[in-house]
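Everything on this sheet refers to the single structure shown next.
A quick note: this is a predicted structure, and the numbers were derived from the prediction, not measured. So that the names make sense, note that chain A is the first sequence line, chain B the second, and so on, each numbered from 1.
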Number of protein chains: 2
Amino acid sequence: MNNKITIKDIAQIANVSIATVSNVMNGTGRVSSTTSAKVNKVIQEMNFAPSASARNLKDKKSHLIAVVVPLLEKGMIQDNPFYWELVRGVEKGARNHQVQIMLLGIDETENFSFVKTRHLDGLIVVGVFERSSSYEQILNLGVPCVFLDSYLSDPELHQVCLDDEAGGYLGTKHLLGLGHQNIAILTGKLQEGGVNYFRYQGYLRALRENGITKNDKLVFEESSSIQGGYQAAQKVSSYADGISAIFAFSDVSAMGLIRGLYDMGWAVPRDISVVGFDDIFYTQYMIPSLTTISQDVAHKGKVAVTMLLDQIDGITCNDKYITVPVSLVVRQSTISNTKG
Amino acid sequence: MNNKITIKDIAQIANVSIATVSNVMNGTGRVSSTTSAKVNKVIQEMNFAPSASARNLKDKKSHLIAVVVPLLEKGMIQDNPFYWELVRGVEKGARNHQVQIMLLGIDETENFSFVKTRHLDGLIVVGVFERSSSYEQILNLGVPCVFLDSYLSDPELHQVCLDDEAGGYLGTKHLLGLGHQNIAILTGKLQEGGVNYFRYQGYLRALRENGITKNDKLVFEESSSIQGGYQAAQKVSSYADGISAIFAFSDVSAMGLIRGLYDMGWAVPRDISVVGFDDIFYTQYMIPSLTTISQDVAHKGKVAVTMLLDQIDGITCNDKYITVPVSLVVRQSTISNTKG
DNA sequence: CTGAAAGCGCTTACAG
DNA sequence: CTGAAAGCGCTTACAG
């Protein structure tokens with residue numbers, strides 16, 4: 001094939017120097033409009049696409065950013081479709097700004113050499129913890145970053161976070177309002193400083209406001225997956241006739257939980273009310289449809305790209321820490337407490 | 001930061017030439033083990049990561065492949081989580097082989113210049129049609145490609161397809177076996193040569209085998225999304241008391257359909273049996289769980305990478321066309337026809 | 001307004 | 001076994 005067309009060929013055909021061709025392409029320097037038109041015509045005709053490698057070698061800019069997503073144990077990227085919505089948002093945002101994205105799954109063994117190797121312009125990092133090896137590594141890179149759902153204490157870091165505490169509060173409040181007293185939570189790893197931790201804080205605040213003392217037995221800590229939710233159902237149902245409502249910190253685990261309860265003869269919301277978190281695309285189509293805490297994930301992705309690109313372009317934004325709002329969406333999975 | 005370390009620095013510190021450093025890194029040429037050890041030590045200590053740009057400029061290889069996914073009208077990548085499972089499979093496969101992936105959404109205006117610009121080693125293209133502009137463009141690129149779910153007639157093309165015809169057949173056969181006669185289908189665009197087309201052919205074959213003449217009124221062509229399925233419910237229920245079963249050509253549309261029917265007072269499977277397609281992660285957790293045609297999407301992604309990399313490395317495989325098998329998974333959404 | 005030339009950081013024959 | 005040098009395809013001062 002003819003992917004070997006270079007700036008030299010264009011220069012030769014257009015009868016100008018390569019410097020001129022370069023200037024035309026980049027709108028730099030002073031070029032007469034006739035020359036410019038002539039060169040552009042040749043570029044068109046030859047279907048010339050300048051080599052990014054050569055450019056990067058000079059510029060040290062790649063116009064490539066990476067979306068870095070944690071790996072599941074099995075070496076696969078997270079399966080929660082939540083990540084897909086996020087990535088889709090990032091892709092769209094990036095496309096609008098002429099940069100392209102790489103997708104990378106990482107675990108604690110990752111050394112991030114690809115960032116230097118590829119001269120990546122920046123990173124969008126999803127869900128790292130403060131004291132993880134990945135976190136350290138990323139900071140040492142000294143490359144523009146935006147962290148998503150990561151809650152890092154360093155105020156200099158650019159972050160986009162959800163108002164998780166409010167989400168935890170809203171969901172709990174909703175259940176309390178329906179007369180539920182023994183409200184269980186189904187959460188993924190409850191690591192301090194993590195997403196679930198803040199949701200849990202919101203839960204506790206709502207309880208306090210209502211003068212309810214917390215009961216650690218009502219905290220079910222399971223893998224935050226659909227299977228995890230399913231497994232939790234056994235524990236939940238075997239534990240307690242007292243539990244009239246449960247707040248799951250992700251929609252996928254809520255779905256697994258509901259199905260698990262169903263298999264044990266419990267109907268939602270008749271026997272127990274369930275609240276989810278995320279407002280994943282299918283929640284309103286579930287039977288019963290799921291009451292959940294809604295967030296605009298795709299928007300989050302777009303915000304992250306915008307922040308990152310500003311940062312790359314050296315535009316300082318006054319708000320390094322952006323909190324995306326949450327809202328409660330009431331559907332069929334929650335009803336008034338009938339157990340008295 | 002010190003991302004400015006180059007091969008020169010390493011050479012200087014290790015007291016050798018840059019050629020030697022290069023040879024050590026690439027295992028090329030003849031290097032004494034002492035020199036090699038010395039150089040490697042310095043590389044380690046300096047945390048040196050060679051520039052991909054410089055390398056690519058010489059090699060014309062980027063160790064980058066792109067996953068190309070069709071765009072929805074709204075400029076976003078497809079929202080079906082099916083794509084996420086696929087991309088995850090590709091990512092894992094790529095990671096195991098030291099190449100990295102770019103994710104790109106494309107529409108008919110895409111000119112694919114990024115392929116030449118970035119010297120991409122290859123492309124994994126999902127769901128293009130034979131006579132689309134994208135298809136033409138991609139062929140002209142002359143770059144290694146693997147097409148997924150695309151059904152292209154050129155036997156020289158590398159493709160990974162599902163046995164869609166068999167899937168359509170199996171699902172229909174299952175319903176026939178349960179005594180259903182008026183079996184409707186809910187399909188996305190029924191374009192000749194497309195995925196849905198083949199599933200439809202399988203459906204027809206099963207009907208023929210049972211001596212049932214096809215009825216075009218039983219074909220509901222809707223957007224292949226969860227919303228599309230939901231909307232179809234009205235048409236399905238208003239049409240026909242005769243319909244006792246419906247075969248949806250995607251799980252997401254099946255979910256929307258079931259919910260839509262539910263909202264009109266129809267229960268699945270009591271009033272109507274439903275079969276889906278894909279075996280998306282949540283199907284077994286739905287209430288009722290969904291009978292569906294199963295395919296191993298992540299595996300499909302991995303097969304595609306392997307094929308692509310072989311092709312890039314010039315390894316000719318005898319099988320350019322790989323068909324991934326399907327199987328029927330019977331769950332709760334289908335029961336015997338009770339309408340007589 | 002235009003062009004000759006250096007240089008980005010590598011790899012690869014080619015000498016030695 | 002090791003190194004000097006050319007060259008990959010661009011961009012960017014610098015002359016003219």
| Got a second to check how far A:E45's CD is from A:K41's NZ, nearest 0.5 Å? | 4.5 Å

| field | Closest-nucleotide ordering on DNA chain D, the 5'-leading residue of B:S32 and A:D59 | value | B:S32

| remark: Judged by nearest nucleotide, the residue sitting upstream toward the 5' end of DNA chain D, B:S17 or A:F48, is B:S17

Between [X] and [N], is there a side-chain N or O to OP1/OP2 distance below 4.0 Å?
{"X": "A:T20", "N": "C:dG3", "value": "yes"}
{"X": "B:K58", "N": "D:dA6", "value": "no"}
{"X": "B:R30", "N": "D:dC1", "value": "yes"}

d([atom1], [X]; [atom2], [N]) in whole Å:
{"X": "A:N23", "N": "D:dT11", "atom1": "CG", "atom2": "P", "value": "9 Å"}
{"X": "B:R118", "N": "D:dC10", "atom1": "CZ", "atom2": "P", "value": "14 Å"}
{"X": "B:N26", "N": "C:dA13", "atom1": "CG", "atom2": "P", "value": "13 Å"}
{"X": "A:I18", "N": "C:dC1", "atom1": "CD1", "atom2": "P", "value": "21 Å"}
{"X": "B:K60", "N": "D:dG7", "atom1": "NZ", "atom2": "P", "value": "14 Å"}
{"X": "B:L57", "N": "C:dC8", "atom1": "CG", "atom2": "P", "value": "13 Å"}
{"X": "A:I7", "N": "C:dA4", "atom1": "CD1", "atom2": "C1'", "value": "14 Å"}
{"X": "A:N56", "N": "C:dG9", "atom1": "CG", "atom2": "C1'", "value": "12 Å"}

| query | When the ring planes of A:Y151 and A:Y321 are compared, do they come out parallel, tilted or perpendicular, using 30° and 60° as the limits? | reply | tilted

| task | Scan A:T35 against the nucleic acid and name what it touches under 4.0 Å (heavy atoms): base, sugar-phosphate only, or nothing. | result | sugar-phosphate

| said: Any base atoms under 4.0 Å from A:S22, or only sugar-phosphate, or nothing? Heavy atoms, all strands. | reply: base

If you look only at distance, which donor and acceptor atoms sit under 3.5 Å apart when one is on a side chain in residues 295-305 of chain B and the other is two or more places apart or in another chain?
residue	atom	partner	partner atom	Å
B:Q295	OE1	B:K300	NZ	2.8
B:Q295	NE2	B:D278	OD1	3.0
B:D296	OD1	B:H299	N	3.1
B:K300	NZ	B:D149	OD1	2.9
B:K300	NZ	B:D149	OD2	3.2

| Which listed nucleotide (D:dA4, D:dT11, C:dT11) is nearest to the side chain of A:R55? | D:dT11

| query | Hey, does B:I124 have a side-chain heavy atom less than 4.5 Å from the side chain of B:V160? | reply | no

| query | Do the non-hydrogen side-chain atoms of A:L72 and B:R88 ever get within less than 4.5 Å of each other? | reply | yes

| field | Secondary-structure notation, DNA chain C, from Watson-Crick and G-U pairs under 3.5 angstrom (| other strand) | value | |||.||||||||.|||

| said: Before you tell me yes or no, could you show the steps for B:L123 and B:L141 under side-chain contact (heavy atoms from CB on, under 4.5 Å), namely the whole-Å CA-CA distance, both residues' side-chain angles and the distance that decides it to 0.1 Å? | reply: CA-CA 10 Å; B:L123 254 40; B:L141 257 27; 4.1 Å; yes

| query | For B:S153 and B:E130, does a side-chain donor sit closer than 3.5 Å to a side-chain acceptor? | reply | yes

